[in-house]
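The block underneath contains the structure these notes are about, expressed in structure tokens.
In this text the structure is predicted, and so the values were computed from the model without any measurement.
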Amino acid sequence: MSREYCFNLSVPVADLDNVEELLAQARRNHPGMRVSRKPDRHGCARYYLSFPFSENRPDLVFQTWFQDCLRTEWELFGPNPGRWGLI
């Protein structure tokens with residue numbers, strides 16, 4: 001298991017196309033980023049975004065970039081330290 005920094009992202013199901021496009025762009029910007037989809041809950045699509053542990057903290061670069069894209073009904077929690085495989 002490797003160390004990581006992770007985020008939880010929740011968006012309304014109606015915004016799936018927009019968020020998928022942004023996440024594709026984030027993957028291009030941060031090739032080591034992993035995205036997994038959690039089960040939908042209360043009309044929201046939920047994602048687990050993880051970044052490999054690194055001293056240059058690509059997760060903070062992502063967070064700064066993504067803050068400009070966030071809509072008021074979207075929620076981004078993190079970054080949280082963790083280990084891949086222990087969610």
Side-chain angles (χ1 to χ4, degrees):
M1 287 182 248
S2 58
R3 293 175 64 188
E4 67 180 5
Y5 293 105
C6 58
F7 292 91
N8 289 301
L9 173 65
S10 296
V11 300
V13 173
D15 290 340
L16 277 178
D17 290 339
N18 294 330
V19 78
E20 289 290 340
E21 185 177 311
L22 285 172
L23 292 177
Q25 184 176 350
R27 283 188 200 113
R28 288 190 296 273
N29 295 344
H30 306 283
M33 181 178 105
R34 287 188 314 274
V35 177
S36 59
R37 177 99 179 258
K38 295 176 158 186
D40 294 352
R41 189 170 183 188
H42 302 294
C44 287
R46 301 180 316 138
Y47 294 87
Y48 182 79
L49 315 173
S50 60
F51 295 82
F53 180 79
S54 172
E55 288 185 24
N56 62 355
R57 298 291 304 264
D59 57 304
L60 297 179
V61 175
F62 164 80
Q63 183 179 29
T64 301
W65 172 80
F66 202 76
Q67 289 295 335
D68 294 335
C69 304
L70 278 177
R71 298 180 181 180
T72 56
E73 58 276 359
W74 295 10
E75 295 179 335
L76 181 68
F77 296 102
N80 301 306
R83 292 194 181 274
W84 179 248
L86 297 175
I87 301 174

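- Aromatic ring pairs are classed by plane angle as parallel below 30°, tilted from 30° to 60° and perpendicular above 60°; the pair Phe51 and Phe62 is tilted.
- Here the closest heavy-atom approach between residue Gly32 and residue Pro52 is recorded as O-CD, 3.4 Å.
- Residues Ser10 and Tyr47 fail the side-chain proximity criterion, which asks for heavy atoms closer than 4.5 Å.
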Practice item. List the steps, then state whether side-chain contact (heavy atoms from CB on, under 4.5 Å) holds for Val11 with Arg71. Key: CA-CA 9 Å; Val11 300; Arg71 298 180 181 180; over 6 Å; no
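- Across all their heavy atoms, Val13 and Ala45 have their closest contact at CG2-N, 3.9 Å.
- Nearest heavy-atom pair, Leu22 versus Trp65, reported as atom, atom and distance to 0.1 Å: O-CH2, 3.5 Å.
- Here CZ of Arg57 is found 9.0 Å from CD of Gln63. Values are rounded to the nearest 0.5 Å.
- Aromatic rings from Phe66 and Phe7 are positioned such that their centres are separated by 6.0 Å or more.
- Remark: Cys6 SG to Met33 CE distance equals 12.5 Å, nearest 0.5 Å.
- The environment of Asp17 atom CG is sparse: at most 12 non-hydrogen atoms of other residues, nucleotides or ligands sit within 6.0 angstrom.
- Cluster membership for Leu60 and Leu70, using ILVMFWY side-chain heavy atoms within less than 4.5 angstrom, is not shared.
- Tyr5 forms part of a hydrophobic cluster together with Phe53, judged by ILVMFWY side-chain heavy-atom separations under 4.5 Å.
- Atom CD of Glu21 has 12 or fewer heavy atoms from other residues, nucleotides or ligands within 6.0 Å.
- Atoms CG and OH, on Leu9 and Tyr48 in that order, are 13.5 Å from each other to the nearest 0.5 Å.
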Point to revise | From CA spacing to verdict: side-chain contact (heavy atoms from CB on, under 4.5 Å), His30, Leu49 | key: CA-CA 11 Å; His30 306 283; Leu49 315 173; over 6 Å; no
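- Residues Leu23 and Arg37 form no side-chain contact, since every pair of their non-hydrogen atoms from C-beta on lies 4.5 Å or further apart.
- Tested against Asn8 for a side-chain hydrogen bond (donor to acceptor under 3.5 Å, both in side chains), the candidates Glu75, Lys38, Arg46 yield a single pass: Lys38.
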